[in-house]
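In what follows, a single structure is set out as structure tokens and then discussed.
Counting starts at 1 for both ligands and their atoms, following the listed order.
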Amino acid sequence: MRYQPLPAELYVTNRQRLYELLPPRSLVMLQDFETHFRALMCQADQVYLNSNEHQRATIPTETREHRFTLRCQAEYPLHDYRRLAPLMHDLRCIKQPAELASLNEAVRITSDGFNRLLKFVKPGVHEFEIEAELAHEFIRQRARGFAYTPIIGSGANACVLHYITNHCQCEDGQMLLLDIAANYGNYNADLTRTIPVNGKFTPRQRQVYEAVLRVFKKCCEILRPGVIIREYQEQVGLLMTEELIGLGLLNREEVAKQDPEKPLYKKYFPHGTSHHLGIDVHDVGHTWKPIQPGMVFTVEPGIYIREEGLGVRLENDILIGEHGNTDLMAGIPIEVDEIEALMQR
Ligand code: GLY
Ligand code: MN
Ligand code: MN
């Protein structure tokens, strides 16, 4: 589809300065901060301060935010200080309509990028050329850019989970894993597709792909309000184990004797299936609290078989609803026949 620009006032990206949108008198300049801060502190009893409490964060150096907390406590020791992070996490988990509008725009741009690749990918093309095609499509559509460093892994590179060098040439007969998405208005999409470089799946590639696709579809049904992500992950493990037995990669007798702390499926599926998505790609949110309507999660099962130089992952973004989920990426081709037909055009 040809890109149709939205009216300029609907765009809020980092390319547009906020002060262009605000009447001049509503602005408080940074140099006025100390005056306003003192006035506020003299009136306030409780002070909520932000800190990075992302589950995956490691913070080896003191941040500016942390220095500000120390300064507040030193200058105003008798105030009641509280954590802002849990409140922010709860707010960020449940998406408001304006947030979903940005996320949907990120998904739409991502979809255009992927569809462009279906026509572009062929034997001999380099992974970095694919990255360049996407950068062009994303930025021309006013995305901020990539939501995360794109993973474009042909053949065995797909088995390296955070492969980002994207320096190899795609060869005839290989599969190509594309974990690629746009960021729009600070909201991140997160898409993975795995396609045959020459446009046609071999019987084995199709078999592995369809196993991942079956797990993907079941995951989208299991991920409902009330479910706890950790328990969901265990259910996904059982589904994946059955598929791996079907593919001849695991043996039922060995599975029966496996250490439950180290299930055998993890050799071929060594990562989580879902994470919160939003302002961060791996957004804030707890894995032990029940899922609620309004949350957005990825669903991303994969099977990685190093010895066959083959890795398949599929990933869509799912909005949890009270009466049913919405797959925000339902329009992006995923079925084998669909992918083959589009690549052969
Ligand atoms: N693109 C990062 C992830 O799928 O989690
Ligand atoms: Mn993801
Ligand atoms: Mn991803």
ask   = Any N/O/S atom of His282 sitting less than 2.8 Å from the Mn ion (ligand 2), backbone or side chain?
value = no
N/O donor to acceptor pairs below 3.5 angstrom from side-chain atoms of residues 119-131, sequence neighbours left out:
residue	atom	partner	partner atom	Å
His126	ND1	Glu129	OE2	3.2
Glu127	OE1	Tyr163	OH	2.4
Glu127	OE1	His167	N	3.2
Glu127	OE1	Cys168	N	3.0
Glu127	OE2	Ser154	N	2.9
Glu127	OE2	Ser154	OG	2.6
Glu127	OE2	Asn157	ND2	3.0
Glu129	OE2	His126	N	2.8
Glu131	OE1	Asn166	ND2	2.8

key: Ring center gap for Phe297 and His276 short of 6.0 angstrom   = yes
ask   = Centres of the Tyr304 and His271 rings: under 6.0 Å?
value = yes
ask   = Mind checking whether Tyr76 and Val47 have side chains closer than 4.5 Å, heavy atoms only?
value = no
Salt-bridge test for [X] and [Y]: reply yes if a basic N is under 4.0 Å from a carboxylate O, no otherwise.
{"X": "Asp283", "Y": "Lys95", "result": "yes"}
{"X": "Glu335", "Y": "Lys217", "result": "yes"}
{"X": "Lys218", "Y": "Glu221", "result": "no"}

Pairs flagged by ring-ring contact (aromatic ring centres under 6.0 Å, His included) wherever residues 47-72 is involved - sequence neighbours left out = Phe37-Phe68
ask   = Same cluster or not: are Val236 and Leu314 linked, directly or through other Ile, Leu, Val, Met, Phe, Trp or Tyr residues, by side-chain heavy atoms under 4.5 angstrom apart?
value = yes
note = The single option from Leu244, Thr194, Val215 that satisfies side chain to side chain contact (heavy atoms under 4.5 Å, CB included) with Ile303 is Leu244
remark   = Within a distance under 2.8 Å of the Mn ion (ligand 3), the protein atoms of type N, O or S are Asp179 OD1, Asp179 OD2, Asp190 OD1, Glu315 OE1
task = Please list, by chain and number, the protein residues whose heavy atoms come under 4.0 Å of ligand 1.
result = Tyr148, Asp179, Asp190, His275, His282, Glu300, Glu315
